[in-house]
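Notes follow the structure.
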Amino acid sequence: MDLFKFFKHNSSVVQEGELEILRKRKEIVKQLKVAQQRRTIVGITSPSLGLGMFLVGVEEVHSDDQVVDLCPYDVTGTLLALSSIEVASIKSICAFNSPYRNPFLASPVAAR
């Protein structure tokens, strides 16, 4: 899946220049909970997942705010190395307004 085309043609995604990278633990936990509640995509940078930012959905933030369970696939359909990671291992997070959809169940984005 071409992520640029996916986000370019999705009007519910934040517009260019409005992306905010969060690095403080309190902000990260808050945004993870928002993403869980709204079922939206978050970009996560964590050595536990590998290099780069992974665009994922959040299944659950555990009550102690120490561990987060992620949807097992990122938005491109790549299986994550781990789907349960420690919040302390998250270096940064970026929130998106787009809903997370299982890439194997979602209909393909029409080419424009």
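We use all heavy atoms of the structure for the numbers below, so side chains are in, but hydrogens, waters and symmetry mates are not. When a residue number appears, it is its place in the shown sequence, counting from 1.
- Hydrophobic cluster membership is shared by I28 and V68, with clusters built from Ile, Leu, Val, Met, Phe, Trp and Tyr side chains linked at under 4.5 angstrom.
- L79 and V75 fall within the same hydrophobic cluster, where Ile, Leu, Val, Met, Phe, Trp and Tyr residues are linked whenever their side-chain heavy atoms come under 4.5 Å apart, directly or through other members.
- The two residues S92 and I21 make their nearest non-hydrogen contact at CB-CG2, 3.6 Å.
- Take F54 and apply the ring-ring contact (aromatic ring centres under 6.0 Å, His included) test, not counting sequence neighbours, and it matches no residue.
- Listed by first then second residue, pairs satisfying ring-ring contact (aromatic ring centres under 6.0 Å, His included) with a partner in residues 59-79 read Y73-F104, not counting sequence neighbours.
- Annotation for E27 and R23: closest pair OE1-N, 4.2 Å, computed over non-hydrogen atoms.
- For the residue pair L19 and C94, the shortest heavy atom distance occurs at CD2-SG, 3.9 Å.
- For T40, the side-chain hydrogen bond (donor to acceptor under 3.5 Å, both in side chains) test picks out no residue, with sequence neighbours left out.
- Between the CG atom in L80 and the CG atom in L70 there is a gap of 6.5 Å [rounded to 0.5 Å].
- Rounding to the nearest 0.5 Å places CG of L55 at 9.5 Å from OG of S98.
- Residues V67 and V87 approach most closely at N-CG2, 4.0 Å, considering heavy atoms.
- Residues forming a side-chain hydrogen bond (donor to acceptor under 3.5 Å, both in side chains) with T78 (at least two apart in sequence, or on another chain): T76.
- Every pair tested for salt bridge (charged side-chain N to carboxylate O under 4.0 Å, His left out) that includes a residue from residues 66-94 fails, sequence neighbours excluded, so the list is empty.
- The two atoms that bring F96 and G43 nearest to each other are CE1-N, 3.9 Å, heavy atoms only.
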**Message:** Between V42 and V56, is the side chain to side chain contact (heavy atoms under 4.5 Å, CB included) condition met? List the steps.
**Reply:** CA-CA 6 Å; V42 290; V56 298; 4.0 Å; yes
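- Scanning both residues, I41 and Y100, for their nearest heavy atoms gives CG1-CA, 3.8 Å.
- Hydrophobic clustering (ILVMFWY, side-chain heavy atoms < 4.5 Å, transitive): I44 and V29 are in one cluster.
- Inter-residue side-chain proximity for R39 and P99 is flagged as unmet; no heavy-atom pair is nearer than 4.5 Å.
- Enclosure of atom CZ in R25 by more than 12 non-hydrogen atoms of other residues, nucleotides or ligands within 6.0 angstrom is indicated.
- K33 is linked by a salt bridge (Lys or Arg N to Asp or Glu O under 4.0 Å) to D65, counting only residues two or more places apart in sequence or in another chain.
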**Request:** Decide yes or no on side chain to side chain contact (heavy atoms under 4.5 Å, CB included) for L22 and E20, but give the supporting numbers first.
**Result:** CA-CA 6 Å; L22 305 174; E20 184 177 6; 3.6 Å; yes
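- No donor-acceptor pair closer than 3.5 Å links the side chain of S48 to the backbone N or O of I85.
- With rounding to the nearest 0.5 angstrom, the CD atom of Q31 is 7.5 Å from the CZ atom of R38.
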